[in-house]
Amino acid sequence: MVGYEDKIIADGGEGRIFTTLWWRTWRYIELHMTTGEEPLRLDDIYGTFSAYPFQPEFSFYVPGYEELHRMLDIGWLTARLCANETYMDCPYYEQLQYFGDTRIQAMITMYNTRDKYMVKNAIEQGRQSIVADGITMSRYPSSLHQFISSFSLWWICMGYDYWMMRGDKEYIQSLLPAYRGILAWYEQWLKPDHSLGYVSHWFFADWAQGFPNGEPIREEDGNSAFQDLVYILTLEAVAEIEQEIGSVAIGEHYSQVASDIKKTIRTKYWNESRGVFSDTHDHRSFSQHVNALAVLAGVVSGQEAVSVMEKTLTDKELIQATIYFWYYVHQALQKAGLGDLFLDNLQIWRDQMELGLTTWAEMPEPSRSDCHAWGSSPNIEFFRIILGIQSDAPGFSKVRISPSLGNLKQVSGSIPHPSGSITAEYTVEKSGTLKARICLPDTITEVFSWKEKEYVLNPGEQVIEIQ
């Protein structure tokens, strides 16, 4: 057994109680006791559960699919254990709020709870970590200055998620100077060909085999599709915020920069013979990561996006995403219209359940951390992809519901909404007819999409049948 240990020297008295000064994270406890001339009596040993007091405000039920319910339970426990005063990457090792991890943890919070504090606190901690250069630290609070430049972009995207899910217009407006500073820092790396040079600091992507130290393959002069695509996604997110509640002129500038970079992606990275995007200009590396991001950024769309994602799933020569980055691969599947493949692409989680894990590990074996909430993304996607519930306007004022049921014939669930709850219940009959019962808060409108057809639904409860 490997792990922290405590040594207790008995003094011969009775009624002694020992409690650790900080929490312990464990699956098993091993006791070694050595006695001297007197016997030692151990009356009891027990643990006291410690975690942030999230309250579950979601439901999800699929008859006959206990595996899915188990995944949801494991993800919920993992999310709780990786939160205390702040979100944490893990409760055993660093216990630090890394902003790449935190974006996923924040979305879990908003899809599973009504908590008003943790997401906003995490966003604010990111703002407080910004240094003179203009970017966030990789994790905060922390006394050690570490920088993961990609995480500054994901921190901005976390604010965008919060805006879409919860609104809070005045607070988001207060963040715009910080967003502008980070994007200005990135803009200094732009080259004349409208792509990024070699961005400094640790540009973490995923703990994938083929990514040294978790970084995507880059050239000396940058020429990294991963860098460019994450930057595009962030620029477009901030452009949307600026044009809605900030400066229209700044928003237009970000949109133009994103558009200029996007035009270079196909020229520099598209590999015609393989039908996918490469990681670098010299086409020496290919990954699931870059192709998923290309779909999310809208570099490809329609049938071409379908083709790219099909090859992303089937081409095993691509660098494969691990549990963290499947958050983005799953989103790309949904955007390409392939959400029905979601249930077929949960093997990483099935493998970890087969190992007997009760929380999600940081990466496939051999893994250091056995409790990492960045792997709890099914607690988002069961609702966003399977039930198809997603915000379609700031503050969740509009809802788009596009279920992707795969082979499921019956499924139901609900998520919290700022004005109440959203409930969806689906039954696919033998004839192929979909019977959907949707219940919405009184203050929002909805678009329901099924098999490329759209239906406008009203607030309240309604039942629709679609052939």
Side-chain angles (χ1 to χ4, degrees), residues 52 54 75 78-79 82-83 86-90 94 96-113 115 117-130 135-141 146-166 168 171-172 175 178-179 182-183 186 202-207 214 226-227 229-238 240-241 289 292-293 296-297 321-332 334-335 360 362 372-381 383-385 390-391:
Y52 184 83
F54 287 125
T78 308
C82 292
T86 66
Y87 294 111
M88 299 179 293
D89 62 329
C90 56
E94 293 100 325
L96 290 170
Q97 185 170 241
Y98 283 86
F99 296 118
D101 309 45
T102 303
R103 185 190 185 190
I104 298 173
Q105 292 171 278
M107 282 296 280
I108 294 166
T109 300
M110 292 187 285
Y111 263 96
N112 290 182
T113 82
D115 185 82
Y117 307 106
M118 285 293 279
V119 178
K120 192 170 180 178
N121 179 64
I123 296 170
E124 186 59 30
Q125 296 282 357
R127 190 219 303 255
Q128 292 178 14
S129 79
I130 292 175
I135 61 172
T136 66
M137 291 166 58
S138 64
R139 69 276 175 98
Y140 197 80
Q146 183 201 67
F147 299 96
I148 301 177
S149 38
S150 54
F151 280 14
S152 288
L153 298 180
W154 292 139
W155 173 74
I156 291 176
C157 291
M158 176 168 56
Y160 175 82
D161 296 340
Y162 177 65
W163 181 56
M164 290 295 291
M165 297 288 288
R166 295 295 182 261
D168 208 347
Y171 180 66
I172 295 299
L175 293 170
Y179 292 171
I182 293 170
L183 293 178
Y186 264 88
W202 185 15
F203 209 91
F204 181 82
D206 186 20
W207 291 125
F226 188 95
Q227 284 186 167
L229 289 164
V230 176
Y231 186 37
I232 289 170
L233 289 170
T234 310
L235 284 166
E236 292 182 337
V238 181
E240 189 176 336
I241 298 173
H289 308 70
L293 291 175
L296 288 175
T322 72
I323 192 168
Y324 164 56
F325 209 82
W326 268 97
Y327 176 74
Y328 297 99
V329 178
H330 284 149
Q331 284 186 69
Q334 184 185 38
K335 184 163 184 177
W360 301 126
E362 182 176 7
H372 236 71
W374 70 8
S376 292
S377 57
N379 283 59
I380 305 166
E381 308 309 355
F383 305 97
R384 182 162 59 182
I385 295 180
Q390 53 189 324
S391 173

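Only a predicted model underlies this, so the values are computations on that prediction, with no experimental measurement involved.
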(request) Output, in order, the C-alpha distance, side-chain angles, deciding distance and verdict of side chain to side chain contact (heavy atoms under 4.5 Å, CB included) for Arg139 and Phe99. (result) CA-CA 6 Å; Arg139 69 276 175 98; Phe99 296 118; 5.6 Å; no

(message) If you apply the rule side chain to side chain contact (heavy atoms under 4.5 Å, CB included), what do you find for Ser377 with Trp326, and how did you get there?
(response) CA-CA 8 Å; Ser377 57; Trp326 268 97; 5.6 Å; no

(message) For Glu362 and Trp207: C-alpha separation, side-chain torsions, deciding distance, then whether side-chain hydrogen bond (donor to acceptor under 3.5 Å, both in side chains) applies.
(response) CA-CA 9 Å; Glu362 182 176 7; Trp207 291 125; 3.0 Å; yes

(request) Would you please test Gln97 and Tyr140 for side-chain hydrogen bond (donor to acceptor under 3.5 Å, both in side chains) and show each step? (result) CA-CA 6 Å; Gln97 185 170 241; Tyr140 197 80; over 6 Å; no

(message) Under the criterion side chain to side chain contact (heavy atoms under 4.5 Å, CB included), I'd like the reasoning laid out for Tyr52 against Met118: C-alpha separation, chi angles, the key distance, then a yes or no.
(response) CA-CA 9 Å; Tyr52 184 83; Met118 285 293 279; 3.4 Å; yes

(request) Please lay out, stage by stage, how Glu240 and Met164 fare under the test side chain to side chain contact (heavy atoms under 4.5 Å, CB included). (result) CA-CA 11 Å; Glu240 189 176 336; Met164 290 295 291; 4.1 Å; yes

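A distance-only check finds no donor-acceptor pair linking the side chain of Thr109 to the backbone of Val119 [under 3.5 Å]. Under a 3.5 Å cut-off, the side chain of His372 and the backbone N or O of Asp89 do form a donor-acceptor pair. The backbone N or O of Ser376 sits nowhere less than 3.5 Å from a side-chain atom of Thr78 that would complete a donor-acceptor pair. Proximity of a side-chain donor or acceptor of Gln227 to a complementary backbone N or O of Ser150 within less than 3.5 Å is not detected. The closest donor-acceptor contact from the side chain of Gln105 to the backbone of Cys82 lies under 3.5 Å.
In this structure the side chain of Leu235 never reaches within 4.5 angstrom of the side chain of Tyr186, judged on heavy atoms. Within the 4.5 Å cutoff, the side chain of Glu94 has no heavy atoms near those of the Met88 side chain.
To the nearest 0.5 Å, atoms CG (Leu233) and OH (Tyr160) are separated by 10.5 Å. Atoms CE and CG, on Met110 and Asp161 in that order, are 5.5 Å from each other to the nearest 0.5 Å. Atoms CD1 and OG1, from Ile182 and Thr234 in turn, are 9.0 Å apart once rounded to the nearest 0.5 Å. Atom CG of Leu153 is separated from atom CD1 of Ile148 by 12.0 Å, given to the nearest 0.5 angstrom. In this structure, the separation between CG on Asn112 and CE on Met107 is 10.5 Å, given to the nearest 0.5 Å. Between atom CH2 of residue Trp360 and atom CG of residue Asn379 there is a gap of 9.0 Å, rounded to the nearest 0.5 Å.
A side-chain contact (heavy atoms from CB on, under 4.5 Å) with Asp101 is found for exactly one of Tyr324, Trp154, Tyr87, Phe151, namely Phe151.
Across all their heavy atoms, Ile123 and Gly159 have their closest contact at CD1-CA, 4.0 Å. Contact between Phe147 and Thr136 at its shortest, heavy atoms only, is CD2-O, 3.4 Å. Scanning all heavy atoms of the two residues, the minimum distance from Glu236 to Ala297 falls at OE1-O, 4.2 Å. Nearest heavy atom pair, residue Ser129 against residue Met137, reads OG-N, 3.1 Å. Ala292 and Tyr328 make their closest contact through CB-O, 4.1 Å (heavy atoms, listed as atom of the first residue, atom of the second, distance). Minimum interatomic distance between Phe204 and Phe226 (heavy atoms only, all atoms of both residues): O-CE2, 4.3 Å.
Looking only at atom types and distance, the side chain of Thr322 has a donor-acceptor partner in the side chain of Asp206 under 3.5 Å away.
Ring orientation note: the planes of Phe383 and Tyr111 are close to parallel, at an angle under 30° on the 30°/60° scale.
In this structure, Lys120 satisfies the cation-pi test against Tyr171, with its NZ or CZ atom closer than 6.0 Å to the six-membered ring centre and inside 45 degrees of the ring normal.
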